Structures are given as C-alpha cells and as structure tokens.
Amino acid sequence: SPCTSRFYFLLYILIWSTQGQDLVPPGPIYRAVGEKVLFITITSPQLSHIVTWNFMNKNIVTFNPPATEMVDPEYIGRVSLNKTSGALELSNLIMADSGVYTVTFTSTDSTSPQQGHISLQVFELVSDVALIGPEYILIEHNSAQFTCVGNGTVITTEWMKDNQILAPSTRFIFSADNRTLLINPIRRSDSGEYQCTLSNPVSSNTSNYRMTINYGPNVWIMGTKVVEKDSDVLLLCSSASRPAATVTWTVNGMSAGHSPLYVAESSNLSHSGEYICTAWNNVTGLTASAVHFLTVKGKLSPGAAAGIAAGVIVGVEVLIVILYSLITHFK
Ligand SMILES: *[C@@H]1O[C@H](CO)[C@@H](O)[C@H](O)[C@H]1NC(C)=O
Ligand SMILES: *[C@@H]1O[C@H](CO)[C@@H](O)[C@H](O)[C@H]1NC(C)=O
Ligand SMILES: *[C@@H]1O[C@H](CO)[C@@H](O)[C@H](O)[C@H]1NC(C)=O
Ligand SMILES: *[C@@H]1O[C@H](CO)[C@@H](O)[C@H](O)[C@H]1NC(C)=O
Ligand SMILES: *[C@@H]1O[C@H](CO)[C@@H](O)[C@H](O)[C@H]1NC(C)=O
Ligand SMILES: *[C@@H]1O[C@H](CO)[C@@H](O)[C@H](O)[C@H]1NC(C)=O
C-alpha cells in the first residue's frame, strides 16, 4: 500500500542518513552508454583512511594507504580513483553499470566507517525514430493507425499534433506502451502534422507524419430566388471537399458549365426554372448535388422599372465583387 511503501522509503532515508549519506551528493546520475561518470565525494578521506567503492556487493576498488590499490579485474582500465578526494571515475559505461554505488572511508582506529550511496542509470541513446503511418489515401470516417519505432532505451513516448500534446480519448486510442496510436474514426479536422518523441533522461529523438484526410463533397448554392427580367442571374455553387470537387451546373436539364459561379446576363423568362449544382470528389468517389429554383419576373411600368433597374444593376455589381472575392478566397 502507499502507506507501507512510504514507511519503507522513510526508513531507507533514515538508514542512509545515519550511515553518513553526506559523503556523496544526492543522485541519481544519468549517463549514455559509452560515456564516463565521475562519482564525486563531498568530504575527502583522511590520509589514513581506507577508501573502497562497491557496486552490488562487488568491490570495484580499494585504496589502502599509503600505496596499495586493488582494482577488480573486470574493472581494470575502466576505473580511476582520486586518492586525494576519494572520487571514482568509471568510463566506457555499459547498461549493466546501472545501480547503486557505495563509497566507504574506513579509519584504522575504531571509529565507525563513513559511507555514501549514489545511484547511476545508464541508457542507450535514442536514435532512428520513425513515425509509421498509413501509406494509403485516407478518407474521413475510416481509421488510421500510427506506430512510433526507434532504437535505444525508451523511457517515455509522447505524441503531438500541430505542436499540441495528444491525449487519449474515445477516438484516440493508445497502446499500453504508448507506441501505437489508433484514430477511429478519423475526421477532417484530424488533418495535420503528427509527431512522436521517444526519450530517456539523456537523449530524445523525434519523427513526423503529415496526415491529409480526404472528405466530401458537401454542396450548397448561394444566390437570389427571384430576379427582374433583363437583370443578371448570379449563382454560386460552394462545396466542402478535399481535394477540391469538380462542379457541374445543370439548368432546366441542360448542362451549363463547370465554373462554381454561374452567370447569365440580361435574363429573360426562359431563365426561370431548376438550377442543379453537382460536385464530384475524385478521391472519395462521392457526388453531391444542391437544387435552386429561380423565377424571372416580368418588368414593372417603364418609369418605376428604370429606377429599380439602376438600383438592381448596382446591387448586382456589388454581389459580383463579393462572390468573386469569396471564390478567390476559398481557392
Ligand atoms: C583529485 O581531486 C582533487 C580535489 O577534488 C582535485 O583537485 C584533483 O585535481 C584531483 N586529481 C585528479 C588526478 O583528478
Ligand atoms: C534523430 O536521430 C537521427 C539519427 O538517428 C538524427 O539524424 C537526428 O538528427 C535526430 N533528431 C533529433 C531531433 O535528435
Ligand atoms: C538499431 O540499431 C541497430 C544496431 O545498433 C541496427 O542494426 C538497426 O538497424 C537499428 N534500427 C533502426 C530502425 O535503425
Ligand atoms: C502513456 O501516456 C499517458 C499520457 O498520455 C501516460 O499517462 C502513461 O503513463 C503512458 N504510459 C506509458 C507506459 O508510458
Ligand atoms: C483529383 O482532382 C484534383 C483537383 O480537384 C487533382 O489535383 C487530382 O490530380 C485529381 N486526382 C486524380 C487521381 O484524378
Ligand atoms: C432568352 O435569353 C437567351 C440567352 O440568354 C436566348 O437564347 C433566348 O432566345 C432568350 N429568349 C427570349 C424569349 O428572349
């Protein structure tokens, strides 16, 4: 239980402190494979002190003044003891060097020995990280799986999308070790730059994947439903689609072009009727249509008509400008 483990932790600290933990600074120390570490001591041994360094009940080195130094055969060439300070340098670190090191200063008289403990953790550098994602074309409502692979000692795995940390949710499912991410189902808003970072206390490495989700089309028509005879007809077919959809107008059953903006100048009564815009997405393979009914009204009396026509023409020109700027904005 947390209470018991807390008790043992405190007991541990207590034992350490009564044993003279102050001989070395607090740890742990993190190093990469192949690097070296210097275990320093806070107090130096006295001239008569015997200095020993132990690792997991193995005696690495013992210095018995004035001149006797014994190094464990396994450590010859890898250790160097500073006889003045009692510090130990260990080079060419390997993973198996991880653990607790104990230094002891023993005096030749009967006073109790001084000790210090320091923990070392050795990691392989994280490298060659690759974020492996779908290589096929992604369509909204499908699923997408990602795996983060790499070399070295991996302690943490972190995922980001557009520089924001990705947290688990009903649609974002991580494996127990966080190395695999399943997005199910994918939405158009999931498009973006994905990143996974594998790390340990001495290194980290990152890889990216750009996800593009294809969707649509959804289609709708903007424009007036009633126009005066002789004025212009302007209709805009808008579609939400990735990639951009191919648009086709059908006016009263006749094919009428592929521009999103449908224009007929100086309308007459034959322009009344059914306007259909059909959008086709060549990647999703889907087609969608919207229908718009237009009525062209006969003119009012010539006097009234002139006044209204002037207003309508100005209005139409404003609408053209707005529609064109909308189109160029969305392209
Ligand atoms: C031994 O440690 C002392 C005190 O920290 C330092 O001045 C000296 O340079 C060290 N000697 C070697 C050989 O590193
Ligand atoms: C990741 O590792 C590769 C080689 O393993 C290296 O080329 C790249 O610079 C590293 N990237 C970072 C951000 O450390
Ligand atoms: C990981 O490292 C090993 C040896 O260090 C190498 O053989 C292997 O190709 C590396 N893996 C990747 C994915 O780079
Ligand atoms: C996986 O990531 C979550 C946070 O997204 C974290 O709480 C959890 O500890 C991680 N698990 C492992 C095994 O790293
Ligand atoms: C699909 O249409 C887009 C433009 O709408 C075009 O760039 C792309 O090349 C087309 N793809 C195929 C497979 O026809
Ligand atoms: C209506 O206008 C179209 C061209 O926009 C033209 O072909 C047609 O003849 C006109 N019909 C009448 C009745 O004027």
Side-chain angles (χ1 to χ4, degrees), residues 22-25 29 36-47 49 51 53 61 63 65-67 69 71 77-91 103 105 114 116 118 135-140 188 191 210 212-219 223 226-235 237-275 277-288 294-299 305 309 313 316 327-328 330-331:
D22 50 331
L23 261 194
V24 292
I29 299 177
K36 62 185 177 188
V37 61
L38 179 66
F39 298 118
I40 60 164
T41 47
I42 289 170
T43 44
S44 294
Q46 266 142 48
L47 285 177
H49 277 167
V51 178
W53 278 93
V61 59
F63 175 60
E69 183 182 330
V71 177
R78 282 221 294 148
V79 293
S80 154
L81 178 73
N82 183 324
K83 297 182 181 74
T84 317
S85 67
L88 179 76
E89 188 182 81
L90 183 56
S91 53
V103 60
F105 295 169
Q114 289 175 275
I118 181 83
E135 282 172 23
Y136 47 89
I137 287 172
L138 289 168
I139 297 176
E140 194 171 37
R188 62 189 70 177
S191 290
R210 172 157 284 282
T212 302
I213 293 159
N214 299 284
Y215 58 86
N218 295 83
V219 57
V226 180
V227 295
E228 288 284 332
K229 184 173 178 301
D230 292 336
S231 63
D232 298 341
V233 172
L234 273 173
L235 297 174
C237 177
S238 289
S239 52
S241 177
R242 186 180 220 150
T246 303
V247 163
T248 305
W249 283 100
T250 309
V251 178
N252 290 328
M254 305 283 286
S255 181
H258 295 285
S259 166
L261 183 62
Y262 178 89
V263 182
E265 289 172 348
S266 318
S267 62
N268 58 41
L269 298 182
S270 75
H271 288 101
S272 291
E274 184 191 56
Y275 289 72
C277 172
T278 303
W280 173 63
N281 178 321
N282 64 355
V283 170
T284 63
L286 297 175
T287 295
L294 181 77
T295 307
V296 180
K297 283 205 304 191
K299 278 197 178 173
I313 286 164
V316 161
I327 290 166
T328 49
F330 282 118
K331 275 206 169 152

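Not measured: the values here are computed from a predicted model. All residue numbers refer to positions in the sequence shown, counting from 1. Just so you know, ligand 1 is whichever comes first in the structure, and atom 1 is the first atom listed for that ligand.
- In terms of heavy-atom proximity, Pro243 sits nearest to Asn214 at CD-OD1, 3.5 Å.
- For ligand 1, the polar-atom distance check against Thr84 finds no nitrogen or oxygen pair separated by under 3.5 Å.
- When hydrogens are left out, the protein atom nearest atom 2 (O) of ligand 1 is Asn82 ND2, 2.3 Å; that is the closest non-hydrogen contact.
- At a distance under 4.0 Å, a protein heavy atom can be found next to atom 5 (O) of ligand 5.
- Between the Ser85 side chain and the Ala87 main chain, a donor and an acceptor come within less than 3.5 Å of each other.
- Summarising the geometry, atom CG belonging to Asn282 is positioned 10.5 Å from atom OG1 belonging to Thr287; distances are rounded to the nearest 0.5 Å.
- Less than 4.0 angstrom separates some heavy atom of Asn268 from each of these atoms of ligand 6: 1 (C), 2 (O), 3 (C), 8 (C), 10 (C), 11 (N), 12 (C), 14 (O).
- Atom OH of Tyr262 is separated from atom SG of Cys237 by 13.0 Å, given to the nearest 0.5 angstrom.
- Counting heavy-atom neighbours within 6.0 Å of Ile137 CD1, excluding the residue itself, gives a total of 12 or less.
- Residue contacts with ligand 5: Ala244 is placed with a nitrogen or oxygen under 3.5 Å of a nitrogen or oxygen of the ligand (distance criterion only).
- Protein heavy atom nearest atom 1 (C) of ligand 5, with residue, atom name and distance: Asn282 ND2, 1.4 Å.
- Protein heavy atoms are absent from the 4.0 Å sphere centred on atom 9 (O) of ligand 6.
- Across all non-hydrogen atoms, the minimal contact from Glu228 to Gly298 is OE1-O, 3.8 Å.
- At a 4.0 Å heavy-atom cut-off, ligand 6 touches His271 through the side chain alone.
- Residue contact annotation: Ser270 has a non-hydrogen atom under 4.0 Å from ligand 6.
- A donor-acceptor contact shorter than 3.5 Å links the side chain of Asn252 to the backbone of Ser272.
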